[in-house]
Amino acid sequence: MGTVNHTVISHTVFHLLGIPGLEDQHMWISIPFFISYVTALLGNSLLIFIILTRSSLHGPMYLFLCMLAGADIVLSTSTVPQALSIFWFHAGEISLDRCITQLFFIHSTFISESGILLVMAFDRYIAICYPLRYTTVLTNSLIGKIGVGIFLRSYGTIFPIIFLLKRLTFCRTNILPHTACEHAGLSKYACNDLQVHIWYGFFVLMSTVNLDVVLIFVSYVLILRAVYRMPSQDARHKALNTCGSHVCVIILFYGPGIFSTLNHQFGYKISTGVHVLLANVCILAPPMLNPIIYGVKTKQIRDQVTHVLFLKVI
């Protein structure tokens, strides 16, 4: 009686397709990708430079904004150059190790940005509800510790995913219909049982981004309650105006992600290409628009940008 040997091949090299169904449009699609990336790099680099070199902008709100700008640069750099190489040179080949490294930085930086938005909401809460204690509560020492805490939380929660993915056998296919690697998109092509991945991914989502959203919502409920207890209309308007930029950035950051998640759950008739485009909007839009929003709506930053870009030239 003969025996049959079943050899399971585990792929170590993958091929990113870019945006499925729109391959013939990749060159045109690359234009907004490139413009968004250059805008994000220049805008956030300028924001960091201005905040670090102007002593008048060394307050807690601006230091948190500096952290956000740094995270924006990392997030866009982790994804857009890879996408552009696919669009321009059809260079979609990526090793398993590179793929895992990319998704590690994408997911951890996304969680970092969510954490930064949370502490920025806390900053606005202290500034409006306890203005006399603002500088004594949010000291530079505490801001530094908060920054380290955000870093440890984001990298600590995503780090185990590296080992979970390295244990998988990728035998289904090595074709990834995306512009970048991400955890769910990569693990679903494994032959192994994915229960641990599913539950750990759920734990990470609930303990980081979802928790942040709830706490941000609670912060703004408390802020609004404090604002509407203020005696004068002018004081209420001024307090709400200081939160305007942060609210815009929150909507910009979480909005596309929520819309993309709802489409994944209920958008059965939406093509894979549209899902991939939505995922890229989540990555492209916040880094590009965040410095523009704060530059337009924050007078102190707007004045410093004007001084750096125009007065020095004159």
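Side-chain atoms are counted along with the backbone in the values below, which use heavy atoms only and exclude waters and symmetry mates. Keep in mind that what you see is a predicted model, and the values were worked out from it rather than measured.
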### Query
Quick one: does Arg302's side chain have a donor or acceptor within less than 3.5 Å of a partner on Val296's backbone?
yes
#### Entry: Residue pair Ala83 / Thr179: nearest heavy atoms and the distance that separates them
CB-CB, 3.9 Å
### Message
Can you list everything that forms a side-chain contact (heavy atoms from CB on, under 4.5 Å) with Leu41? Sequence neighbours excluded, please.
### Response
Tyr37, Ile73, Thr77
### Message
Between Gln82 and Val80 (side chain of the first, backbone of the second, donor and acceptor by atom type, cut-off under 3.5 Å), is there such a pair?
### Response
no
### Message
Same cluster or not: Leu211 versus Ile146, using hydrophobic residues (I, L, V, M, F, W, Y) connected whenever any side-chain heavy atoms lie under 4.5 Å apart?
### Response
yes
### Query
Is Leu289 reachable from Val281 through a run of hydrophobic residues whose side-chain heavy atoms are each under 4.5 Å from the next?
no
### Query
Taking atom CG of Leu284 and atom CD1 of Ile35, what is their separation to the nearest 0.5 Å?
11.5 Å
### CA sep, side-chain torsions, deciding dist, call: Phe203, Ser207, side-chain contact (heavy atoms from CB on, under 4.5 Å)
CA-CA 6 Å; Phe203 162 75; Ser207 63; 4.0 Å; yes
### Summary
Separation between CG (Asn44) and CD1 (Ile292), nearest 0.5 Å, reads 9.5 Å
### Task
Please say which of Phe253, Tyr220, Tyr294, Phe122 ends up in a ring-ring contact (aromatic ring centres under 6.0 Å, His included) with His246.
Tyr220
## Note on the structure
Between Ile223 and Cys243, the two heavy atoms sitting closest are CG2-SG, 4.2 Å
### Query
Are Leu224 and Leu240 side-chain neighbours, meaning at least one heavy-atom pair lies under 4.5 Å?
yes
### Query
Is there a path of hydrophobic side-chain contacts, each under 4.5 Å between heavy atoms of I, L, V, M, F, W or Y residues, that connects Val218 with Tyr125?
yes
Could you go through residues 194-201 and list every donor-acceptor pair under 3.5 Å that involves a side-chain atom there, pairing it with any protein atom two or more places apart or in another chain?
{"residue": "Gln195", "atom": "OE1", "partner": "Trp199", "partner atom": "NE1", "Å": "3.4"}
{"residue": "His197", "atom": "ND1", "partner": "His183", "partner atom": "NE2", "Å": "3.0"}
{"residue": "His197", "atom": "NE2", "partner": "Leu164", "partner atom": "O", "Å": "3.3"}
{"residue": "Tyr200", "atom": "OH", "partner": "Thr157", "partner atom": "O", "Å": "2.5"}

Mind listing the side-chain donor-acceptor pairs of residues 108-118 below 3.5 Å, one per line with the distance, residues two or more places apart or on another chain?
{"residue": "Ser108", "atom": "OG", "partner": "Phe104", "partner atom": "O", "Å": "2.6"}
{"residue": "Ser108", "atom": "OG", "partner": "Phe105", "partner atom": "O", "Å": "3.4"}
{"residue": "Thr109", "atom": "OG1", "partner": "Phe105", "partner atom": "O", "Å": "2.5"}
{"residue": "Ser112", "atom": "OG", "partner": "Ser108", "partner atom": "O", "Å": "3.0"}
{"residue": "Ser112", "atom": "OG", "partner": "Ser154", "partner atom": "OG", "Å": "2.7"}
{"residue": "Glu113", "atom": "OE2", "partner": "Asp72", "partner atom": "N", "Å": "3.4"}
{"residue": "Ser114", "atom": "OG", "partner": "Asp212", "partner atom": "OD2", "Å": "2.7"}
{"residue": "Ser114", "atom": "OG", "partner": "Tyr254", "partner atom": "OH", "Å": "2.6"}

Hey, can you pull the donor-acceptor pairs under 3.5 Å for the side chains in residues 57-69, sequence neighbours left out?
{"residue": "His58", "atom": "NE2", "partner": "Ile51", "partner atom": "O", "Å": "3.1"}
{"residue": "His58", "atom": "NE2", "partner": "Leu52", "partner atom": "O", "Å": "3.2"}
{"residue": "His58", "atom": "NE2", "partner": "Arg54", "partner atom": "O", "Å": "3.4"}
{"residue": "Tyr62", "atom": "OH", "partner": "Gln300", "partner atom": "OE1", "Å": "3.4"}

### Query
Is there side-chain contact between Asp123 and Tyr134, with heavy atoms separated by less than 4.5 Å?
yes
#### Entry: Gap between atom CZ of Arg98 and atom CD1 of Ile100 - 0.5 Å precision
12.5 Å
### Summary
Taken in chain and number order and not counting sequence neighbours, the residues that satisfy side chain to side chain donor-acceptor pair (under 3.5 Å) with Thr208 are none
### Task
May I ask you to decide if Trp28's main-chain N or O and Gln25's side chain share a donor-acceptor pair within less than 3.5 Å?
no
### Query
Under the side-chain contact (heavy atoms from CB on, under 4.5 Å) criterion, do Leu277 and Leu22 qualify, and how do the steps go?
CA-CA 10 Å; Leu277 278 174; Leu22 297 174; 4.0 Å; yes
### Message
Does the plane of the ring in Phe87 sit parallel, tilted or perpendicular to the ring in His26? Use 30° and 60° as the thresholds.
### Response
tilted
### Query
If you measure from CZ on Phe170 to SG on Cys191, what distance do you get to the nearest 0.5 Å?
9.5 Å
### Message
If we ignore hydrogens and angles and just use 3.5 Å, is the side chain of Thr169 paired with the main-chain N or O of Cys171 as donor and acceptor?
### Response
no
Only pairs under 3.5 Å count here: list side-chain donor-acceptor contacts from residues 11-20, not counting sequence neighbours, and write none if there are none.
none

### Query
Do Gln102 side-chain atoms and Cys181 backbone N/O form a donor-acceptor pair below 3.5 Å?
yes
### Query
Looking only at heavy atoms, which two atoms of Gly185 and Leu176 are closest? And how far apart?
O-CD2, 4.2 Å
### Query
For Leu42, does its backbone N or O pair with a side-chain atom of Ser45 as donor and acceptor, under 3.5 Å?
no
### Message
Under a 3.5 Å distance rule, please check whether Asn280 uses its side chain to pair with a backbone N or O of Val276 as donor and acceptor.
### Response
yes
### Message
What's the separation between atom CE in Met230 and atom NE2 in His237, rounded to the nearest 0.5 Å?
### Response
12.5 Å
### Query
Could you state the interatomic distance from CD (Glu182) to SG (Cys99), rounded to the nearest 0.5 Å?
9.0 Å
### Close side-chain approach of Leu103 and Ile161, heavy atoms under 4.5 Å
yes
### Query
Given the rule that I, L, V, M, F, W and Y join up when any side-chain heavy atoms are under 4.5 Å apart, are Ile283 and Ile94 in one cluster?
no
### Query
Is it true that Ile250 and Phe217 fall in one hydrophobic cluster, defined by side-chain heavy atoms closer than 4.5 Å?
no
### Query
Is there a donor-acceptor pair closer than 3.5 Å between any side-chain N or O of Thr298 and the backbone N or O of Gly295?
no
### Task
Would you name the heavy atoms of Ser36 and Met288 that are closest together and state the gap between them?
OG-SD, 3.5 Å
### Query
Where is the tightest heavy-atom contact between Ile106 and Ala180, given as atom of each residue plus distance?
CD1-CB, 4.1 Å
### Task
Of all the heavy-atom pairs spanning Pro286 and Pro291, show the shortest one and how long it is.
O-CD, 4.4 Å
